[in-house]
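Working notes, structure below.
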Amino acid sequence: MTTMINNSTSAFYERASLGIGDLRKRAETIQTQLGSGQKLARSSDNPVVASRLRQLARSDALSEIDKSNANRATADLNLTDQALTSFNDYLQRVQEIATAAGNGTLTDSQRAAYGVELQGIQSSMVALANSRDSAGHSLFGGEMAGQPYSLDGSGNAVYSGTASAGQISLGEGQSVTRGLTGPEFLNFSVNGTPTDLMAVVKNLADALQGGSSDPAQAARDSLGALSTGLDKLTTAQTVVGSRLSWIDLTTTHRTNLTELRAQEETDIGATDIPTATAQLSQMMTVLEASQASFVKLASLSLFNSLS
Amino acid sequence: MASDLLSIGKSGAQAARAALDVTSQNIANASTDGYVRRSVALSEVASAGGIGQTGDISLSGVRVAGIVRNADTFRQSEVRRTGADAARANAEVAGLENIESAVEGADTYSAIVKFEGSLQQLAADPTNTSLRASVVESARTMASSFNVASQGLDSVRDGLQFEANDGVDQVNKLAQELARVNLRLARASDASSDQTALLDQRDSLLQSLSNYTDISTTIAADQTVQVKLGGTSGASLVSGGTATAFAMTTAGDGTISFTLGGSPVTVAGGSLAGKAQALTKLADTRSQLDTIANNIMSTVNDAQAAGVALDGTTGQPMFSGTGAGGMTLVLASGDGLATAPAGAGANSRNSGNLDALRSALSANDPADAMDKTIFDISSTVQGRTISRDALVTIANNAKIALSAQAGVDLDQEAVNLVRYQQAFQASGRIMQVASDIFDTLINIR
């Protein structure tokens, strides 16, 4: 067998096509990255980054829901705050009436008229205590369905809701109590006897309308209970305000995290346009050069020179 | 005086003619796959003088001693070996990429995240019918994306098995063809042109065979080849004029194994080995997917049974079936979601059971398991792609090395064409001289 130094034509073409094909493939990969704006076309391009991107997308999706939950909690707490302000207004009017009715110079019929107004205020308070939240559920009934307060046979408001309002998740393991139950801001005790604001108003209304032998004294006696009720309301409003600011705080935190995630997604997943463009034009230069040199070499054949 | 100028010239012309034939055959087959460059081996025809006649000139010209086939058997076996490795890696990576696409393309991960998110949203308002409906719909999406992933894996498995089956048929066909070539080689006379064509055929059959499976070859003195599977000590696929039947068996989990003549044989290279490896990974991926689907189903169904639906009755199962392929949503409407704990009345806004479900799901973390599954398969693809690229480069280099040595160089053939043309003309000139000499002698008066 003869062995000789031999550069076969097919080997030349094979080498050239492998080289040029490889360059083309690399140029196309960069082109795809530029076109899609993403470094990864499929997970196997970089499994670690792809997995991180999936986790970031998951956090983003869940964070969106946390955001809507936080908005819902904010709406409910704002409604609670407004209702508490209305209770406050009513209570001030009741205090005015109690002070006026306590004046001994009023006639019984004048006191009875005050009594009628108080009755109206009491039923307004019951209606307010039955108001709805942003989703149409009772605002002060805790987790119950339907209306938490109803009137019994003698016109007293009776609470039938649950003991506490539910928690709502704000994400990152944080949560907030979404509202207040009626008893949490309406119930208090006077001289060790538990009562509630609406009962106090009802009793005063009854007393002024002839239910008591000394209505003026009853009106003066009720002032102490009313001021305790006012304290309770003010405290409740402070609680609601601090919950709202807690939601604000977690929202700011969440927004920061979302920005960080977006930054990380861009850093690890997005195509760096300037670098990729530079790489592409470098690749194109090499590709053009090798194509040109291939054409030149391929046209070199001894057959052309033999005649 | 034994020399004859005319017959020397004739033998020279014949030899040059034969060389020209071989050269043009080379040029014609410059780009034929598997063609090995031929050259003519010439030898002088001369005899020493007999006893007492040692000084005599006894020259009879030249003869064609044979057609030389410039194949380097080492490079050829390197091409087969590296080609089998590259074919295996290519088949494995192609199969793995399809598995990756099936699992990733079904978008099961984001479907699980959506389901998780819909539960989280429902917790804000457990009795809201549209939020309940959204949970049921995202559960349906999740179940169908598991189904799609499973069907994707099914079709990848079917495709791989079909190709492997076809590969086994090809191996049998090639083995039978090789056995026939062996028979003809054993009968053909040495160094005839016919035998070089047979040798080309033998080598190209061996190369085709090495694309499907790794083979070890032994070439006998009569140029027939013995082919073994499973290493040099393995069983023989082709021996002389006999080919042994090669077959494939499919296991219940879709993985494949091979037998040669009825007894098991290990195939370590070639596309068949690659497909077998991809099928093994596929079975593994499927069991991971099934585990995730079963976990989700049992967690959700257990939670459903522990709570009460919107109408206060005990919760009914949300999913039925087993595995990713069988996962079916059976809960008819969102009202059936058991968000409230057992004992709570109808229309309860108590989200105790929903919270329990969410914490059970987050302890189980199917999204994370899915992420791991995708990571597992995609990092396998990535790792295998790197080694595939290396193996393909090695195989390409071996192929170029072989074709550089055994292929046709057109420039060289052009030179040969001129050279043998001149030799032919020169031999013609010798005959002219012989004729002139004869004329000289005959003109003496």
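Throughout, protein chains are lettered first and strands after them, A, B, ... in sequence-line order, and every chain is numbered starting at 1.
- Residue B:Leu96 does not touch chain A at all, counting heavy-atom pairs closer than 4.5 Å.
- With a 4.5 angstrom heavy-atom cutoff, B:Leu122 does not touch chain A via any of its atoms.
- Here the closest non-hydrogen pair linking B:Asp368 and A:Arg58 is N-NH1, 4.1 Å.
- Within the 4.5 angstrom heavy-atom criterion, only side-chain atoms of B:Glu104, from C-beta onward, approach chain A.
- Both the backbone and the side chain of A:Ser301 come within less than 4.5 Å of a heavy atom of chain B.
- Using a 4.5 Å cut-off between heavy atoms, A:Gln55 contacts chain B through both its backbone and its side chain.
- A:Pro183 pairs in a side-chain contact (heavy atoms from CB on, under 4.5 Å) with only one of the listed residues (A:Leu180, A:Asn187, A:Leu186), which is A:Asn187.
- When heavy atoms are compared at a cutoff of 4.5 Å, B:Val418 approaches chain A solely by way of its side chain, counted from C-beta outward.
- With chain A as the partner, the residue from B:Asp355, B:Asn397, B:Ile374 showing the most heavy-atom pairs under 4.5 Å is B:Ile374.
- Neither the backbone nor the side chain of B:Ser31 comes within contact range of chain A, judged by heavy atoms closer than 4.5 Å.
- Highest contact tally toward chain A, considering only B:Asn350, B:Thr380, B:Val415, is held by B:Asn350 [criterion: heavy-atom pairs under 4.5 Å].
- A donor atom on one side chain and an acceptor atom on the other are not found under 3.5 Å apart for A:Asn69 and A:Arg72.
- Residue A:Ser164: no heavy atom, backbone or side chain, is found under 4.5 Å from chain B.
- To the nearest 0.5 Å, atom CG of residue A:Leu287 and atom CD1 of residue A:Ile20 are 7.0 Å apart.
- Side chain of B:Asp203 to backbone of B:Gly34: no donor-acceptor contact under 3.5 angstrom is found.
- Atom CG of A:Leu170 and atom OG1 of A:Thr251 lie 7.0 Å apart (nearest 0.5 Å).
- In this structure, chain A has a heavy atom under 4.5 Å from the side chain of B:Leu131, while its backbone stays farther away.
- For a residue to count as touching a neighbouring chain, one of its non-hydrogen atoms must lie under 4.5 Å from one of that chain's; by this rule B:Ser101 touches chain A with backbone and side chain alike.
- The backbone N or O of A:Gly269 sits nowhere less than 3.5 Å from a side-chain atom of A:Arg52 that would complete a donor-acceptor pair.
- Between A:Phe294 and A:Tyr13, the ring-plane angle classifies as perpendicular under the 30° and 60° cut-offs.
- Between the side chain of A:Ser51 and the main chain of A:Pro47, no donor-acceptor pair closer than 3.5 Å is present.
- With chain A as partner, the option from B:Gln121, B:Gln120, B:Lys114 having the largest number of non-hydrogen pairs under 4.5 angstrom is B:Gln120.
- Of the atoms belonging to A:Ala57, not a single heavy atom falls under 4.5 Å from chain B.
- Atom NZ in B:Lys372 sits 11.0 Å away from atom CZ in A:Arg54 (nearest 0.5 Å).
- Heavy atoms closer than 4.5 Å to chain A are found in the side chain of B:Tyr109, but not in its backbone.
- With respect to chain B, the highest number of heavy-atom pairs below 4.5 Å among A:Leu62, A:Asp133, A:Ile168 belongs to A:Leu62.
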